[in-house]
Asks: 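Sharing a structure below in structure tokens format, with a few things to ask.
Keep in mind that the numbers below use all heavy atoms, side chains included, and drop hydrogens, waters and symmetry copies.
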There are 2 protein chains.
Amino acid sequence: MDKQVLFLKFFDFITSVHQTTHAFSKGAKLEDVTPVQYKMLEYVAVSQPVTLSSIADCTHMSLPNTSREIKKLMQKGLCEKVADTDDRRKQLIRLSEKGQQLMNGIFGHMLSQLEGRIGTLSDEKLKEIEQALDLLHDQVFRA
Amino acid sequence: MDKQVLFLKFFDFITSVHQTTHAFSKGAKLEDVTPVQYKMLEYVAVSQPVTLSSIADCTHMSLPNTSREIKKLMQKGLCEKVADTDDRRKQLIRLSEKGQQLMNGIFGHMLSQLEGRIGTLSDEKLKEIEQALDLLHDQVFRA
DNA sequence: CTATATAATTATCATATGATAACTATAAAA
DNA sequence: TTTTATAGTTATCATATGATAATTATATAG
């Protein structure tokens with residue numbers, strides 16, 4: 001097994017995933033949300049409610065900058081703060097109704113893009129794809 | 001086959017790939033090269049020599065901004081221009097010796113990161129991984 | 001030959017992003 | 001209780017990035 005060749009395949013694969021990600025998000029209307037803000041919204045959508053610190057950690061941002069951008073997202077009415085009753089230093093963030101709808105729309109758009117790619121495949125093929133996702137996730141792209 | 005479930009799996013997978021990419025590039029010393037400039041270097045490294053227009057296309061940048069950033073990369077001694085003898089409007093870009101060394105170092109770093117993840121796997125497992133990469137690349141993450 | 005399309009450059013501007021210092025409030029440890 | 005650690009805010013600055021208009025040079029179509 002030539003590791004050099006496998007590496008090139010990985011590199012090509014990662015590039016393809018990035019391009020596909022770009023293609024998927026293209027066309028989803030994101031008026032008034034910057035790339036960094038979108039990344040934050042995506043994280044909040046999946047893990048809500050979350051503290052500012054965990055947003056900062058997971059998006060590789062500093063706490064001050066995270067605070068600033070969340071403030072902007074709240075001003076746009078996309079996020080809400082909830083006080084943490086256990087630890088009053090913490091601020092729990094979650095999507096607002098409007099933010100939830102925005103992300104639902106985006107996820108729906110991505111789903112339809114995916115549908116366009118795998119919609120016609122047989123159930124056996126889909127099973128194979130699912131297994132491939134699991135394998136790579138566990139063996140290579142694990143955190 | 002529940003498409004909704006498969007979508008969530010895809011979403012999770014894409015997130016993992018992005019995080020792994022981030023982890024891979026972390027630690028590679030990129031003094032004085034911005035993220036956008038790095039993206040350009042990566043494209044040039046793989047496809048050189050390339051025209052400014054193709055760099056602009058593939059990195060989703062405007063031509064003026066591409067021109068500006070390439071200029072900076074040349075000032076840093078990482079890229080070179082070669083005139084296209086066929087069409088004198090075109091500027092072919094390639095890595096300089098220094099740029100080549102930089103990218104070799106980064107690719108080497110990524111290779112060792114990958115090695116750390118799959119280095120101990122059996123040849124059969126590696127074959128499976130290779131097939132999974134091919135499958136997903138062809139069926140889902142194709143351009 | 002003239003008009004038009006392509007490739008790239010330069011200049012300029014607004015905004016997004018990243019970094020840091022100074023600060024407040026609360027919790028936990030000594 | 002005093003000290004120290006944690007969570008977050010605010011303000012400020014420098015730089016990176018994205019958008020656009022105006023310009024030059026060359027190629028190609030009519």
Asks: Could you report the tightest heavy-atom contact between A/E80 and A/L95, atom names first, then the distance?
Replies: OE1-O, 4.2 Å

Asks: Phosphate oxygens OP1/OP2 of C/dA11: is one of them under 4.0 Å from a side-chain N or O of B/K71?
Replies: no

Asks: Can you find an N or O donor on one side and an acceptor on the other, under 3.5 Å apart, linking the side chain of B/D87 with the base of C/dA7?
Replies: no

Asks: Between A/D57 and A/S54, is a side-chain hydrogen bond (donor to acceptor under 3.5 Å, both in side chains) present by the stated rule, with each step listed?
Replies: CA-CA 5 Å; A/D57 280 350; A/S54 66; over 6 Å; no

Asks: How many whole angstroms separate atom NZ of B/K72 from atom P of D/dT15?
Replies: 11 Å

Asks: To the nearest angstrom, how far is A/D84 atom CG from D/dT6 atom P?
Replies: 17 Å

Asks: Closest nucleotide of DNA chain C for B/T66 versus for A/P35: which of these residues is on the 5' side?
Replies: B/T66

Asks: Side chain of A/S53, heavy atoms from C-beta onward: which of C/dA27, C/dT9, D/dG8 has the nearest atom to it?
Replies: D/dG8

Asks: Using side chain to side chain contact (heavy atoms under 4.5 Å, CB included) as the criterion, point out the one residue from A/Q100, A/K81, A/Q48 that pairs with A/R94.
Replies: A/Q48

Asks: Between A/L63 (CG) and C/dG18 (C1'), how many Å, whole number?
Replies: 14 Å

Asks: Do B/V36 and B/T59 pass the side-chain contact (heavy atoms from CB on, under 4.5 Å) test, and can you show the C-alpha distance, the side-chain angles, and the key distance before you say yes or no?
Replies: CA-CA 8 Å; B/V36 166; B/T59 60; over 6 Å; no

Asks: Minimum heavy-atom separation for B/D12 and A/H137, please, with both atom names.
Replies: OD2-NE2, 3.4 Å

Asks: From the list D/dA19, D/dA16, C/dA27, which nucleotide is the closest neighbour of the side chain of A/R88?
Replies: C/dA27

Asks: Please confirm whether the shortest side-chain N or O distance from B/T34 to OP1 or OP2 of D/dT17 is below 4.0 Å.
Replies: yes

Asks: In whole angstroms, how far is the P atom of D/dG8 from the CG atom of A/L52?
Replies: 5 Å

Asks: To the nearest Å, how far apart are B/M40 CE and D/dA16 C1'?
Replies: 13 Å

Asks: Which nucleotide, C/dA25, C/dT17, C/dT9, lies nearest any side-chain atom of A/R89?
Replies: C/dA25

Asks: From C/dA8, C/dT9, D/dA19, pick the nucleotide closest to the side chain of B/S67?
Replies: C/dT9

Asks: Give B/P64 one of three labels, base, sugar-phosphate or nothing, depending on what nucleic acid heavy atoms sit under 4.0 Å from its own.
Replies: base

Asks: In whole Å, I'd like the distance from the OH atom of A/Y38 to the C1' atom of C/dT15.
Replies: 21 Å

Asks: To the nearest Å, how far apart are A/L73 CG and C/dA16 C1'?
Replies: 13 Å

Asks: For A/R68 and C/dA19, what is the distance between atoms CZ and C1' respectively, to the nearest whole Å?
Replies: 10 Å

Asks: Is there a side-chain contact between A/K39 and the phosphate of C/dA16, meaning an N or O under 4.0 Å from OP1 or OP2?
Replies: no

